[in-house]
Amino acid sequence: MSDLHGPPAAESVEYHLLQRTGKPGIWRPLVGVLALLAWMFVFSSLVVLAPMLAGAAALGKDVGDTFNSLTDLAHPTPGGLAYLNLALASLVPAVLAVSYVLHGLRPGWVASVRPGLRWRFLVACLPLALVALVAAVLVGAVLPQTGGDAAEISGTLNDWTSTTRDFALVVLVLTPLQAAGEEFLFRGYLTQAVGGLFASRVLAVVVPAFLFALAHGVGQSVPVFFDRLAFGLVAGVLVIVTGGLEAGIALHVVNNWLAFGLALAFGDMASTLNPTGGSWWTIPSTLTQSLVFLGLAWTMARRQGVETAGDAGVLEARRGRV
């Protein structure tokens, strides 16, 4: 285990080693992980719920009914989905704050080794993620559909209602923020924390991917868990080989847009938010999506010449500055 006493001797620092350029101390990433997990599972909900309940009270609505409506994911409403997305989106400022306060690192170093989000690369990855999803759908179309799917999708188009419209607006506007929140935590802070502690590329990819899959529920089926683990592994590899979170965010956004879009058009939001089934026949489709996007995004990164490592001298000089 590293003692975290400053950056490695090399002139450049890969993404998963960026925390080593911050303040020394093994305890810092350990405390940071615990603080962010507490934020995700406890405090983010309180911070988002409070103004929503206050707004309901101001409009004369019953606060108890509003609370139940927002938090009942077994019977989701547009407001409930908005609450969930905003709670997860709050992970972005939480991660940036922990990175700065605990490690003395400029917030942009969580996004990439540039530092900051490389918007040109992120936007370029969005259509690549769509291509990967189309490839996965084509593979899935020729596979047996036995054993149940992760979410129930019928062949009949749902009616367009005001509730459908409200769900669609929430998905369109807030899904990118929710996806960014999860990526900043799992592929961002956790990757840097594990990489800083153990200086291992493999552990920096595998540990956050496992925690990402586990965080989606201990009651999920093994195929569903594997699907999320595969997503986390690919997104983690992309962080290392591209030096930032952009590719993972793009894949996460497009993947969730499609999942929620299919739920609104042909299924229901409850089964999408709470998948319990799953079939091993979905694995080839999952692997197709993951590997196709990995190849396309990696190629795009090379074509755009995106940085894959940060300059150790610049990191040291700017440590602690906002």
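Residue numbers count from 1 along this sequence. The basis for the numbers below is simple: all heavy atoms, side chains too, and nothing from hydrogens, waters or symmetry mates.
Inter-residue side-chain proximity for Y15 and T308 is flagged as unmet; no heavy-atom pair is nearer than 4.5 Å. At a threshold of 4.5 Å between non-hydrogen side-chain atoms, the residues F293 and W298 do not count as touching. Q289 has its side chain within reach of N255: a pair of non-hydrogen atoms, C-beta onward, lies under 4.5 Å apart. Using a 4.5 Å heavy-atom threshold, the side chains of L185 and M40 count as touching. Contact of the L211 side chain with the V207 side chain is registered, since non-hydrogen atoms from C-beta on lie closer than 4.5 Å. Within the 4.5 Å cutoff, no side-chain heavy atoms of L258 are placed close to those of V254.
Contact between F167 and P76 at its shortest, heavy atoms only, is CZ-O, 3.5 Å. In this structure, G248 and A235 approach most closely via the heavy-atom pair CA-CB, 4.3 Å. Between P115 and R106, the closest heavy-atom pair is CG-NH1, 4.0 Å. Across I26 and L30, no two heavy atoms sit closer than the pair O-CG, 3.6 Å. Contact between G104 and K23 at its shortest, heavy atoms only, is CA-CE, 3.9 Å. A250 approaches A129 most closely through the heavy-atom pair O-CB, 4.0 Å.
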Step by step, work out the side-chain contact (heavy atoms from CB on, under 4.5 Å) result for T164 and N158.
-> CA-CA 9 Å; T164 306; N158 293 332; 5.9 Å; no

Audit row: L130, L126, side-chain contact (heavy atoms from CB on, under 4.5 Å) steps and yes/no | CA-CA 7 Å; L130 183 59; L126 290 173; over 6 Å; no

Could you walk me through whether L49 and T71 pass the side-chain contact (heavy atoms from CB on, under 4.5 Å) check?
-> CA-CA 9 Å; L49 268 178; T71 57; 4.2 Å; yes

Test side-chain contact (heavy atoms from CB on, under 4.5 Å) on T77 and D166 and set out the steps.
-> CA-CA 9 Å; T77 63; D166 294 343; over 6 Å; no

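Residues L59 and M52 are members of separate hydrophobic clusters, defined by side-chain heavy-atom contacts under 4.5 angstrom among Ile, Leu, Val, Met, Phe, Trp and Tyr. Tracing side-chain contacts under 4.5 Å through hydrophobic residues (I, L, V, M, F, W, Y), one never reaches Y189 starting from L34; they form parts of separate clusters. Following chains of ILVMFWY side-chain contacts shorter than 4.5 Å, one cannot reach L138 starting from L296, and the two form parts of different hydrophobic clusters. Transitive grouping of hydrophobic side chains (ILVMFWY, heavy atoms separated by less than 4.5 Å) brings L214 and L229 into a common cluster. Under the 4.5 Å side-chain heavy-atom criterion for grouping Ile, Leu, Val, Met, Phe, Trp and Tyr, V123 is not connected to I249 through any hydrophobic cluster.
If you take CG on N256 and CG on L251, they are separated by 9.0 Å, rounding to the nearest 0.5 Å. Distance NE2/H103 to CZ/R28: 8.0 Å, rounded to 0.5 Å. If you take NE2 on H75 and OG on S69, they are separated by 11.5 Å, rounding to the nearest 0.5 Å. Summarising the geometry, atom CZ belonging to F121 is positioned 12.5 Å from atom CZ belonging to R303; distances are rounded to the nearest 0.5 Å. For the atom pair CZ of R20 and CG of L18, the computed distance is 11.5 Å after rounding to the nearest 0.5 Å. Interatomic distance, OG of S44 versus CZ of F41, reported as 9.0 Å (0.5 Å rounding).
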Identify all side-chain donor-acceptor contacts of residues 237-246 below 3.5 Å with residues at least two apart in sequence or on another chain.
residue, atom, partner, partner atom, Å
T242, OG1, L238, O, 2.5
E246, OE1, R118, NE, 3.4
E246, OE1, R118, NH2, 2.7
E246, OE2, R118, N, 2.8
E246, OE2, R118, NE, 2.9

Name each donor-acceptor pair under 3.5 Å that joins a side chain in residues 193-205 to protein atoms two or more places apart or in another chain, with its distance.
residue, atom, partner, partner atom, Å
S200, OG, V202, N, 3.4
S200, OG, L203, N, 3.2
R201, NE, E14, OE1, 3.4
R201, NE, E14, OE2, 3.4
R201, NH2, E14, OE2, 2.1

Name the atoms and distances for all side-chain donor-acceptor pairs under 3.5 Å in residues 81-98, with sequence neighbours left out.
residue, atom, partner, partner atom, Å
Y83, OH, S45, OG, 3.1
S90, OG, W39, NE1, 2.9
S90, OG, A87, O, 2.5

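A centroid separation of less than 6.0 Å is found between the aromatic rings of F231 and F212. Between H252 and F186, a ring centre-to-centre spacing not shorter than 6.0 Å is recorded.
Within the 3.5 Å criterion, the main-chain N or O of H16 finds no donor-acceptor partner in the side chain of T191. Remark: side-chain polar atoms of D159 are not paired, donor with acceptor, to backbone N or O of T161 under 3.5 angstrom. In this structure a side-chain-to-backbone donor-acceptor pair under 3.5 Å is missing from D227 to T286. The backbone N or O of L264 lies less than 3.5 Å from no partner atom in the side chain of D268, so there is not a single donor-acceptor pair.
For the pairing with F260, the side-chain contact (heavy atoms from CB on, under 4.5 Å) check across V170, L273, L172 returns one residue only, L273.
Applying the side chain to side chain contact (heavy atoms under 4.5 Å, CB included) test to T288 and every residue at least two apart in sequence or in another chain returns A135, V139, V292.
Annotation for V137: hydrophobic cluster partners, listed by chain and number, are none (ILVMFWY side-chain heavy atoms under 4.5 Å, direct or chained).
For the salt bridge (charged side-chain N to carboxylate O under 4.0 Å, His left out) condition, no pair includes a residue of residues 79-91, sequence neighbours left out.
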